[in-house]
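Please read the structure below before turning to the comments.
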Amino acid sequence: MEQQTDFLIIGSGISGLSLALKAARLGTVTLVTKKQRLDTATNLAQGGIAAVLSPEDSFAAHIADTLSAGAGLCHEDVVKMVVETGPDRVRELMTIGVDFQKVATDRELDLGREGGHSMRRIAHTMDRTGSSIEESLLKKAAAEPRIIILENHLAVDLLLASKAEQNSPAGSPKNADQPAGPPFTDRCLGAYVLNRLSGKVETWKARVTLLCTGGTGKVYLYTTNPDIATGDGIAMAYRAGARVANLEFVQFHPTCLYHHRVKNFLISEAVRGEGGRLLDHQGRPFMSKYDPRGDLATRDTVARAIDLEMKASGADYVFLDISHKPAAFIQKRFPTIYQTCRDLGIDITREPIPVVPAAHYMCGGVLTDLMGRTDIENLYALGETACTGLHGANRLASNSLLEAVVFAHRAAEQCTADWPRLAKLTLPEIRPWRADRAKPIEEAVLISHNWDQIRRLMWNYVGIVRSEKRLNLIREQLGPILAEVEHHYQDYLLTPDLVELRNISLVARLIVHCALQRKESRGLHYLIDYPELNDRDWKKDTIITRN
Ligand code: SIN
């Protein structure tokens with residue numbers, strides 16, 4: 001089945017929805033999302049969105065904090081652009097209905113603080129910021145007739161002009177106006193998309209395709225991410241020949257709830273921002289041993305400190321304690337965290353919370369320019385899928401929702417400028433997905449075994465503290481797993497689990513590849529064989545392509 005749309009957006013988080021609302025002014029928008037529309041990392045985000053929103057704050061301070069967290073790898077032009085245009089994007093979210101918390105009855109925003117920020121600058125809706133943004137965007141999108149949201153539609157691979165030309169005797173039609181912009185390596189024409197309900201792979205042709213698929217947390221055994229975070233956008237872009245970068249910089253959130261009944265519940269960094277302290281099993285605070293900023297150090301430092309404390313004591317977790325604050329304040333400021341812990345028998349107004357670090361955010365991704373464009377013409381990457389240059393070697397807390405809205409706006413501006421050319425594009429014929437020889441997979445264990453193996457290997461060998469020995473070992477072990485997955489992909493009819501397994505296995509290999517290249521310790525990449533920063537050789541991005 002072949003379908004056509006002007007904009008094909010893959011992913012229903014903040015990037016995809018923000019872009020959809022703007023792109024609908026130009027043409028038709030089809031937003032595909034692989035499960036339900038609310039199954040996004042955005043929807044789980046607790047902390048908030050960082051921006052200069054108070055007269056005491058300044059662009060210079062937000063820029064300095066972002067650069068300092070990024071440990072020398074942020075692109076300063078990108079940081080400046082994001083920080084300086086951020087406040088407008090936050091106000092735009094307010095106009096579409098996001099009700100950020102105000103100070104008492106005033107109009108002034110109640111700004112929160114998180115690790116690495118020298119000022120209070122996080123706009124939030126208590127600990128439900130992500131879901132309030134997601135709901136407002138979805139409500140607005142539902143009222144827009146040119147936006148169609150297709151749930152249970154999982155993108156498999158991109159449609160490329162180079163392949164269409166090979167498959168069509170006439171070649172693909174040449175379009176007269178060539179775009180001004182980066183030297184593109186290919187042209188994207190849409191994507192093959194697996195309809196989970198029918199089991200069929202649909203051909204979706206599009207003038208512009210946008211990868212907004214979120215992050216890669218499911219590559220690891222323990223993660224704060226939702227189940228959808230299988231690196232689909234990064235894997236598809238890499239397979240299509242686009243450059244990806246900085247995949248060694250995996251951010252581990254220091255404080256994921258440790259409890260056998262829940263698998264990925266975050267205890268927001270805002271808890272430390274409001275005075276929460278990390279304690280060992282003897283009830284002793286330990287962060288001041290590691291950083292003069294104590295509990296408000298950046299995440300790389302805090303996660304590593306917890307890892308060291310756990311290894312030294314043999315404990316499976318540490319504690320985060322906010323119980324010294326008034327109970328009424330805790331219940332009002334952290335309603336979700338309070339209630340979730342309460343339901344598990346932990347009263348955070350009286351006792352400390354058991355926490356462990358868990359994979360949280362991919363700072364690298366598909367390389368883009370300042371407009372969100374990738375190496376492939378008419379293919380954009382936004383949000384966690386992208387590597388824009390904002391985060392460098394370590395993302396500053398709450399800069400991710402900001403990056404998403406700023407780059408969605410930039411991409412929309414670029415599409416508007418290109419529209420006279422895009423509207424005239426003739427999209428070539430695409431050969432339908434062929435599955436003639438494929439058979440149904442009979443043993444689900446073929447998928448689940450590899451899935452578990454990869455995630456456990458990544459957790460044990462490519463975690464917070466790395467060694468060359470373990471990185472080399474995992475590289476060897478991933479090779480045969482990848483080959484096996486590729487065989488399954490050739491032999492069996494596609495299932496969502498197989499598509500995701502193919503993506504996490506590729507992304508795992510790319511993370512290891514990047515980690516092995518960087519012979520130093522910087523930001524989130526700590527390699528015991530090279531514990532020092534090496535600016536002379538490594539003050540640069542780790543960029544890789546399929547070729
Ligand atoms: C948190 O609330 O701690 C998460 C915020 C973020 O990842 O920026």
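Values reported hereafter were calculated over all heavy atoms of this structure, with side chains retained and with hydrogens, waters and symmetry mates removed. Both ligands and their constituent atoms are indexed starting at 1 by order of listing.
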Between ligand 1 and Ile267, is the shortest N or O to N or O distance under 3.5 Å?
no
d(Thr230 OG1, Asp497 CG) to nearest 0.5 Å is 10.0 Å
Distance filter under 4.0 Å to His360 heavy atoms, resulting ligand 1 atoms
4 (C), 6 (C), 7 (O)
Can you pull out the closest protein heavy atom to atom 4 (C) of ligand 1? Residue, atom name and distance to 0.1 Å, please.
Arg299 NH2, 3.5 Å
Rounded to the nearest 0.5 Å, how far apart are OG of Ser521 and OH of Tyr530?
10.5 Å
Against heavy atoms of Ser268, which atoms of ligand 1 measure under 4.0 Å?
1 (C), 2 (O), 3 (O)
Sub-4.0 Å atoms of ligand 1 with respect to non-hydrogen atoms of Glu269
1 (C), 2 (O), 3 (O)
When the ring planes of His62 and His117 are compared, do they come out parallel, tilted or perpendicular, using 30° and 60° as the limits?
tilted
Output field: ring centroids His259/Phe265 closer than 6.0 Å:
no
Parallel under 30°, tilted from 30 to 60°, perpendicular over 60°: which one fits the rings of Phe252 and Tyr220?
perpendicular
Value for CG (Asp232) from OG1 (Thr216), rounded to nearest 0.5 Å, stands at 10.5 Å
Which ligand 1 atoms are under 4.0 Å away from a heavy-atom of Ala397?
8 (O)
Need the ligand 1 atom indices (1-based, order shown) with element for anything under 4.0 Å from a heavy-atom of Leu266.
1 (C), 2 (O), 4 (C)
Is there a heavy atom in Arg395 that sits closer than 4.0 Å to ligand 1?
yes
Enumerated ligand 1 atoms positioned under 4.0 Å from heavy atoms of His253:
1 (C), 3 (O), 4 (C)
Cut-off 3.5 Å, side chains only: do Gln251 and Asp300 have a donor facing an acceptor?
no
Taking only heavy atoms of Ser398 into account, list the atoms of ligand 1 that are under 4.0 Å away from them.
6 (C), 8 (O)
